[in-house]
Structures are given as structure tokens and as C-alpha cells.
Amino acid sequence: MTIRLYDTSARQIRDFVPLTAGCVSIYLCGATVQAAPHIGHIRSGLNFDIMRRWFEHRGYDVTFVRNVTDIDDKIITKSAEQGRPWWAIGYENERAFNAGYDALGCLPPTYEPRATGHITEMIEMMRGLIERGHAYASEGNVYFDVRSFPGYLSLSNQELDDLRQPSGEGETGKRDQRDFAMWKASKPGEPSWETPWGRGRPGWHLECSAMVHKYLGTAFDIHGGGIDLIFPHHENEIAQAKAYGDAFANYWVHNGWVTMAGEKMSKSLGNSVLVSEMVKAWRPIVLRYYLGTPHYRSMIEYSEEALREAESAFARIEGFVQRVTEKAGETVAPATEVPPAFAEAMDDDLGVPQALAIVHTTVRQGNSALAADDKEAAVARLAEVRAMLGVLGLDPLDDHWAGESDRGDDLHGVVDTLVRLVLDQRQSARERKDWTAADAIRDQLNQSGLVIEDSPTGPRWTLGPRQ
């Protein structure tokens, strides 16, 4: 089956046809590094990580570019507020973003360019647009003339006469208030670079158009980002690139938000949940399950209850993986192919919820095989489960998650020793056939948050889902 994706520009699901057979080029609008990331930021990177993994599973050679916006109004404002260099703030938060991506198992991009490393490319693009009559310099600024580009606003489906273009401070000299800034004249104390039109700094939209041209050429397959970027950012990227002569993106794919109380998770609203804090309270693989398993175009309403449900659901999968691994006496390799129903779901606009249902069905089949002592069938189901989880970045046996422990890693050895003492008492009760005492010990351990399972190698304990 052909992979199909919802294309925002076409407003429908389309068959994916690559520009180059066997290859996929993806550009994702990445971090603006004025502050550390919350889980809403990381969701976008995670959704496109799953997309990338699925294309690779289908045999495509993927080039994945995710940029870093390391200069913009917000970073300059933070610099003034904190009395720190803008580049120090940017680099610190860039590292925080990368730590968040890595913690949740996102593969590193093929290229991760910083905006400030591509000023030359931006100047070249502005010069070309001015020469073609699509841009103009005024009072040290350079603006894009939106009326010069007939296709403007086709992505967001707006009317030009009704447009209210967001404008920043100092954007003077516009011919039309709907024109947008490509380059902003320097102010005292702000970072700036020399151009033919005076010193200044780039506008947000120009940065991405120039970096796409640099790394993916005049045409590429997929441009991604959050739905909040459709206008003005992606609309203005299209205008610049196409007016410059690039064909630009063939498909536009946008992910939904993580919301709190119905509002987009945002630092400005004071309702963000920082990744660095979340990974202290929740296992990173559980966070990935929580953020990555809803459909990428859906909204996720954040709540601890929803996280607990995700934790319980993943625990069922992980428990099956552990039990079969113990039964087999060795690590079971992933199957080379995923079940057809899983592939069908993923091919259909990355239908992760439907694909995950196949995972859970296969886990139930595997548990039934374990109950029937059918080792061969249980191992076969585990191989399928690992193949599916690998596509989703959720295989607990993958090297990335090796060594990841449940909460309280530093105390694990101490707790294990204490639990073993209690389990020895339980085993003694079982040996003398004092089933009441044995069950009472198990019940007490369960009430304390420990799950006790009797395996062929003896009793095993794990932390159960939090109450």
C-alpha cells in the first residue's frame, strides 16, 4: 500500500509520491531557543521522528533537517531581561532541547542548522527577491511585498484584504502594513550583521527559507511543524521561496498541540510543563508513549490521569516483553516485517492509534500463548511486537532504553535487597503450604506499589502504575 499523508495545502489526504524514487526529504521547523522546552515543543519532534522511522522501515532513504532558530525577538528580549549574551541563552536552551529529544528517543536529524550560521544565504535570497521585484529595502529594513506574489495565503486560505500581519517593534517604512519583515534594522546593543542595506538581523521567516534552500535545494518532499506555524511563518516561507524561484515543499504536514484547560501549552500562558522536570517524575519511555501514540493531527489535553493511563498501558506491553524474554532464555530479535494490519494503519496518514491497537492485540495473543505454555507462539508474537514497537521508538529492549530504570534508580539496589528478604519469607510460607501467609505477604507488597510475578526463575518484582 502507498503511504498517504494529510497535506494541509491540499486540505486532503494524498498518496505520497517522492520527488526522487526511494528518497524522502523532510524539513521540520525546530526549536526557537529562548527558553527550555516543554512537552508541547517536544511533541512535534517526536511525531516527525515516528514519520521518519516509518519511511525508513518502508525502505526509503530519509534526509531529515530540523533547524534551530537561535536569533529572534524573544531571545533578544530574554537577553536584556537576564543581562546575559543572546548567544549564551540560545546555546543553553539548544542543549536543553537536544537533551529532551534524546531523552524521549528521537533520532538525531541528518542536519541541524542554526539560523545565525546562514546569514550569507539570507542576504543572497533577499538580493534575488529585490531584483525580481518581490522585496524592497526601507529605513534599514527589508520587506517582502505580499501583493507581488499572487499565491500568497493559499496555505492558510485567507483573504489578503482581511489580513492582519503580525509586526514587531521597529518595523518602519512599510509600503503596505501587510508586508512582512525579512530583515530588521539594528538597534543599539542588539546583535547585528552587515548587509548591502545596513546592519541588522534576520526575520524569522527568512531564516527557514534560506536554510531549506541550502540543505534540500529548490524542491523537497515534506515540510512539517505545528499547526500554529501555518500562518504567518509557513505562509511567509512559501512566498519568499517561490518568489525566489524555488518549487519548495511538495507536502505540508502539521501536528496538533498539547493543551492544558483547552489552551495551547505555552510559556507565555504560564501553563508549560518542562521536559527536564517531567523526566524526573515519569519514565521517558512512558512520556514517549503518552505523546507519540495519539494521532499526530489530534490535540492532547495534558493531565496526570492521562499519563497514568499511558503508564498502565505501556506496563502491559513491557511486562509481556519481559515474560517472554525470560521464557525464551535469550533476547528475541524483532521480526523483519510488521503485521499487515499495523502497516496498513501506518500507511494511512500515520495512524498510530490504530497501529497501537494491533500491538495490544498481539500482546494479548502472546499472553495467551504463555498461559498455554506455547513457547514458540509466544516468541513469534514477541518478535512481531518488537518490530512494531521499533517503528514507534518504544521497544524497551532497544539499546536506547537499556539501563533506563523505574523511578528511584539510586534506591533500586536497596529496595531490591529488602524486597528479596520479604519474598524469601513468602517462599518459606509457600513451602510449608501456609497459603494464607504467602498471599498476605503478596497483598501487602501490592499495596505498597510493588507488583509480584512468579516466573520460572523465581518471583520477580516491579513497580506498579502509580495510584
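As the structure is a computational prediction, the values presented were derived from the model and not from experiment.
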Novice: Just how far is it from atom CZ of R53 to atom CG of L107, taken to the nearest 0.5 Å?
Specialist: 4.0 Å
Novice: Do R381 and V363 have side chains that approach each other closer than 4.5 Å (heavy atoms only, starting at C-beta)?
Specialist: no
Novice: Examine the side chains of D73 and W204 and answer whether a donor and an acceptor come within less than 3.5 Å of each other.
Specialist: no
Novice: Between R364 and T361, is any pair of side-chain heavy atoms under 4.5 Å apart?
Specialist: yes
Novice: Are side-chain heavy atoms of D145 and D176 found at a separation under 4.5 Å?
Specialist: no
Novice: Is the ring centre of H213 less than 6.0 Å from the ring centre of F220?
Specialist: no
Novice: Assign the ring pair Y136 / Y143 to parallel, tilted or perpendicular, where the plane angle (0 to 90°) is split at 30° and 60°.
Specialist: tilted
Novice: Does a side-chain heavy-atom distance below 4.5 Å link D15 with I3?
Specialist: no
Novice: Please verify the inter-ring angle class for Y60 with F55; under 30° counts as parallel, over 60° as perpendicular, anything in between as tilted.
Specialist: perpendicular
Novice: For E305, I'd like to know if atom CD has over 12 heavy atoms of other residues, nucleotides or ligands within 6.0 Å.
Specialist: no
Novice: So, are R297 and D349 salt-bridged, with charged N and O less than 4.0 Å apart?
Specialist: yes
Novice: Got more than 12 heavy atoms from elsewhere within 6.0 Å of CD, Q12?
Specialist: yes
Novice: Looking at R288 and D49, is there a salt bridge between them, counting it only when a charged N and a carboxylate O are closer than 4.0 Å?
Specialist: yes
Novice: Just by distance, no angles: are the side chains of D72 and T32 close enough, under 3.5 Å, to form a donor-acceptor pair?
Specialist: no
Novice: Once you round to the nearest 0.5 Å, how far does OG1 of T293 lie from CD1 of I300?
Specialist: 7.5 Å
Novice: Between S298 and R43, what is the shortest heavy-atom contact and its length?
Specialist: O-NH1, 2.7 Å
Novice: Heavy atoms only: give me the nearest R66-G30 pair and the separation to one decimal.
Specialist: CG-CA, 3.8 Å
Novice: Does R308 pair with E304 as a salt bridge, N-O distance under 4.0 Å?
Specialist: yes
Novice: Using the salt bridge (Lys or Arg N to Asp or Glu O under 4.0 Å) criterion, which residues pair with E301? Sequence neighbours excluded.
Specialist: none
Novice: Return the orientation label for the H205 and F180 ring planes: parallel under 30°, perpendicular over 60°, tilted otherwise.
Specialist: perpendicular
Novice: Using 30° and 60° as the class boundaries, would you call the ring planes of Y101 and F97 parallel, tilted or perpendicular?
Specialist: tilted
Novice: Whether E171 and K174 form a salt bridge (side-chain N of Lys/Arg under 4.0 Å from carboxylate O of Asp/Glu) is what I want to check.
Specialist: yes
Novice: Between E94 and R114, does at least one N-O distance fall below 4.0 Å, as a salt bridge requires?
Specialist: yes
Novice: If you count the non-hydrogen atoms of other residues, nucleotides and ligands that lie under 6.0 Å from CZ in R164, is the total more than 12?
Specialist: no
Novice: Can you tell if the side chain of Y6 reaches within under 4.5 Å of the side chain of Y251, non-hydrogen atoms only?
Specialist: no
Novice: Would you call K78 and E92 a salt bridge, taking side-chain N to carboxylate O under 4.0 Å as the test?
Specialist: no
Novice: For a 4.5 angstrom cut-off between non-hydrogen side-chain atoms, does P191 reach W86?
Specialist: yes
Novice: Please tell me if the side chains of W193 and W183 come closer than 4.5 Å, counting only heavy atoms from C-beta onward.
Specialist: yes
Novice: Have N67 and T69 got a donor and an acceptor in their side chains that come within less than 3.5 Å?
Specialist: yes
Novice: What residues, two or more places apart in sequence or in another chain, satisfy ring pair (Phe, Tyr, Trp, His ring centres under 6.0 Å) together with H254?
Specialist: H234
Novice: Between F248 and H223, how do the two ring planes meet: parallel, tilted or perpendicular, split at 30° and 60°?
Specialist: tilted
Novice: Show the nearest heavy-atom pair for residues L160 and R178, with the distance to one decimal.
Specialist: O-NH1, 3.2 Å
Novice: Any chance you could lay out the side chain to side chain contact (heavy atoms under 4.5 Å, CB included) test for W257 and M265, step after step, and finish with the verdict?
Specialist: CA-CA 7 Å; W257 296 333; M265 189 169 285; over 6 Å; no
Novice: Could you state the interatomic distance from CD1 (I238) to CZ (F231), rounded to the nearest 0.5 Å?
Specialist: 11.5 Å
Novice: Side chains of P202 and I71: closer than 4.5 Å at any heavy-atom pair?
Specialist: yes
Novice: May I ask you to say whether D228 pairs ionically with K264, meaning some side-chain N is under 4.0 Å from a carboxylate O?
Specialist: yes
